[in-house]
Amino acid sequence: MAHAQAPATEELKIVYPVDVPSWDPTAVTFPAGQSVYKAVFDSPLFIDGDLKLQPSLVKSWKWADDKNTRLTIELRDDVTFHDGSKLTTEDFKYSFFDRPKKDKKLAINGFFGSLKDIEIASPTEATMVFTTPTPTAPSYLGFLTSYILPKAYIERVGEDGFQANPIGAGPYKIVRYERGSRVILEAYDKYWGPKPAIKRVVFEFVPDASARVAMLESGRADVSVQIPLREVNRLAKNADLTAKIYPYSEIFILQMPSYVEAFQNEHVRRALHMAINKQAISKAFYGNVAKPISVLATPGSPGDVPGYEFKFDKKAAQEELARAGYGPDKPLKIQFLSTNNAFPSDYEMARAIVQMWSQIGVQADLQEITLAKYLELSHSSKVPGVMLYSWANATGDPEIFAGKILDPRLRFSTWKEPALAKTIDDLAALSDPAKRFEGYQALARESTEHAWSLPLLQSVATIAYKKNLDVKVYQTAYILPAEYRWSK
């Protein structure tokens, strides 16, 4: 379908590192794709720049009991999907209960597994009923996979039909999609919220960071994200551009697959962790903006452990490796996977870690991998080696850091220690926030001591855009074109 060229002030071109793996936003835990999903679909609740929950499709919510097992929500009554049909609690129940229970492969099951029913009281009011206390349920309504899909439309066209022509209730509708290349969006004129100032948005999927920078500098794009730090500093000197680097609610970690034989030895895992000079990595690649972390939490968040530090110690790392029977004369050989430009300076950091490991007697075979391929491997428990990954947590809640990273029942976890399931369930059920946070802090510290997952740095996001574009950045690092506007 051909489309007329929109005036410059009504169009926005964004160069983005990845395409979405599926147009079902409830099917995959894909943090990198959330900006695209949020343009087309809409979450029940919205997590703002301070990581606080705000109303969205759900205008109010409250616990109907004191055990946190019955959450009553009230939907807006003025929301329609892109086909004009009204969004109701039937769609809410279909998206969060009926469809996930029918298809266990949907990733949304990993966040609402204790949901046993959704009781509909009216087209706008429903109650989510959980088998166990679930105090974090409201947070999950604004997190990954939480989108309300059109029940009647999907039942009419089928799952394949929905993937071919997806519709949502978001600020933009899809008018053209070319897999791996671009998606063209146009503002939905019946959107319930503030109408987007920019009528037409093009996400160009450009995996190569240098190409994303070049497109911005040449004027072929208006916004470029996830660009190398060295480029941010250079672009900031361009009078026509604004460039920023900022920490956000993700953490760089090394995922340790428990099913890989070498990593079943705790001395090996601890040696790998001790050998990494995190501060040197932050200084070399992130201008010291990315803060080193010692537990699976962002600094200052409820899951952080004040005063606790897991220190870089090359000599101790060599001693740990020797206890496992390895060293310079008998090197440990492992596979190491990393994305390249999916996150700022990810591959450069991976190469630096390889060098650090080589100094204690570890030969790491570094292999480039796409996010989509990693998800495929992790969901099938086939990750062949250590994986450098940026773990998203738009809520800041420790349950989504240590609680999800270490849950052995989840498809996307790599450390699968069966005994941790009960620990995590017990913590998740605590309704007292202070006790729950204290428990997660203890779990996060235990994880570091046993090296079940290796925390590295708080992640950083980068963005560069034309000077006459008004852009708001979030701790979630979401790109939300519906909130942008061209200045006059």
Side-chain angles (χ1 to χ4, degrees), residues 26 29 43-48 50-76 89 92-101 106-122 124-148 249 296-297 301-304 392-410 413 420-444:
T26 72
T29 51
S43 298
L45 297 176
F46 177 71
I47 298 173
D48 67 15
D50 296 320
L51 304 186
K52 303 296 184 183
L53 281 175
Q54 301 294 341
S56 184
L57 298 178
V58 168
K59 68 177 185 179
S60 66
W61 63 98
K62 64 180 180 180
W63 289 105
D65 64 347
D66 58 4
K67 296 181 180 180
N68 298 146
T69 61
R70 296 178 61 83
L71 181 67
T72 297
I73 61 98
E74 184 180 4
L75 292 174
R76 299 181 62 93
T89 47
F92 181 81
K93 182 180 181 183
Y94 174 75
S95 302
F96 286 86
F97 184 75
D98 297 336
R99 190 164 172 263
K101 296 305 177 186
L106 295 177
I108 193 173
N109 284 299
F111 300 101
F112 294 94
S114 64
L115 182 64
K116 72 173 183 179
D117 195 14
I118 293 180
E119 300 170 353
I120 294 178
S122 74
T124 58
E125 186 174 315
T127 298
M128 305 178 76
V129 183
F130 299 92
T131 57
T132 59
T134 312
T136 53
S139 294
Y140 284 128
L141 289 177
F143 192 51
L144 301 176
T145 77
S146 290
Y147 296 93
I148 300 179
S249 58
L296 299 172
S301 70
D304 192 19
N393 181 359
T395 72
D397 193 284
E399 180 176 311
I400 301 176
F401 277 135
K404 295 304 180 186
I405 293 172
L406 300 174
D407 192 332
R409 298 158 296 187
L410 300 181
S413 69
L420 289 174
K422 184 179 186 307
T423 299
I424 290 168
D425 285 346
D426 290 346
L427 287 173
L430 289 174
S431 57
D432 184 330
K435 291 181 178 178
R436 192 168 67 86
F437 294 158
E438 182 180 343
Y440 275 116
Q441 289 172 1
L443 176 61

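- Atom OG1 of residue Thr124 and atom CG of residue Leu57 lie 13.0 Å apart, to the nearest 0.5 angstrom.
- A salt bridge between Asp432 and Arg436 is absent, with no side-chain N of the basic residue lying under 4.0 Å from a carboxylate O of the acidic one.
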Q. Given Leu75 and Glu125, is the side-chain contact (heavy atoms from CB on, under 4.5 Å) satisfied, shown in steps?
A. CA-CA 6 Å; Leu75 292 174; Glu125 186 174 315; over 6 Å; no

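- Closest approach of Trp63 and Arg70 over heavy atoms only: CE3-O, 3.3 Å.
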Q) Yes or no on side-chain contact (heavy atoms from CB on, under 4.5 Å) for Asp117 and Glu119, after CA distance, side-chain angles and deciding distance? A) CA-CA 6 Å; Asp117 195 14; Glu119 300 170 353; 3.8 Å; yes

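- Side-chain atoms of Ile47 and Gln54, non-hydrogen and from C-beta on, never get closer than 4.5 Å to each other.
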Q: Show your reasoning for whether side-chain contact (heavy atoms from CB on, under 4.5 Å) applies to Leu406 and Thr423.
A: CA-CA 10 Å; Leu406 300 174; Thr423 299; over 6 Å; no

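- Residues Leu45 and Ile73 fail the side-chain proximity criterion, which asks for heavy atoms closer than 4.5 Å.
- Checked by atom type and distance alone, the side chain of Lys101 pairs as donor or acceptor with a backbone atom of Leu115 at under 3.5 Å.
- Using a 4.5 Å heavy-atom cutoff, the side chains of Asn68 and Thr134 are not in contact.
- Between Phe437 and Asp397, the shortest heavy-atom contact is CE2-OD2, 4.1 Å.
- Atom CG of Leu410 is separated from atom OG1 of Thr29 by 9.0 Å, given to the nearest 0.5 angstrom.
- Within a 6.0 Å radius of CD in Glu74, other residues, nucleotides and ligands contribute more than 12 heavy atoms.
- Side-chain atoms of Arg99 and Thr26, non-hydrogen and from C-beta on, do get closer than 4.5 Å to each other.
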Show me, pair by pair, the donor-acceptor contacts under 3.5 angstrom made by side chains of residues 141-148, not counting sequence neighbours?
residue : atom : partner : partner atom : Å
Ser146  : OG   : Tyr140  : O            : 2.4
Tyr147  : OH   : Gln34   : OE1          : 2.6

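- Met128 is not listed as a side-chain neighbour of Phe97, based on a closest heavy-atom distance of 4.5 Å or more.
- Between Glu399 and Tyr440 the shortest heavy-atom distance is CG-OH, 3.4 Å.
- Summarising the geometry of Ser56 relative to Ser43, their closest heavy-atom pair is OG-O, 3.1 Å, with the distance given to 0.1 Å.
- Scanning all heavy atoms of the two residues, the minimum distance from Leu296 to Ala444 falls at N-CB, 4.3 Å.
- A salt bridge links Arg409 and Asp407; the closest N-O separation between the charged side-chain nitrogens and carboxylate oxygens is under 4.0 Å.
- By the 4.5 Å heavy-atom criterion applied to side chains, Leu53 and Ser139 are counted as neighbours.
- In this structure, the side chains of Pro302 and Pro398 come closer than 4.5 Å at one or more pairs of heavy atoms.
- The two atoms that bring Leu106 and Pro100 nearest to each other are CD1-CA, 3.9 Å, heavy atoms only.
- For the atom pair CG of Leu420 and OG of Ser413, the computed distance is 9.5 Å after rounding to the nearest 0.5 Å.
- To the nearest 0.5 Å, the span separating CD1 on Ile118 from OG1 on Thr127 amounts to 9.5 Å.
- Side-chain contact between Lys404 and Asn393 is absent, with no heavy-atom pair separated by less than 4.5 Å.
- A donor-acceptor contact shorter than 3.5 Å links the side chain of Asp48 to the backbone of Lys52.
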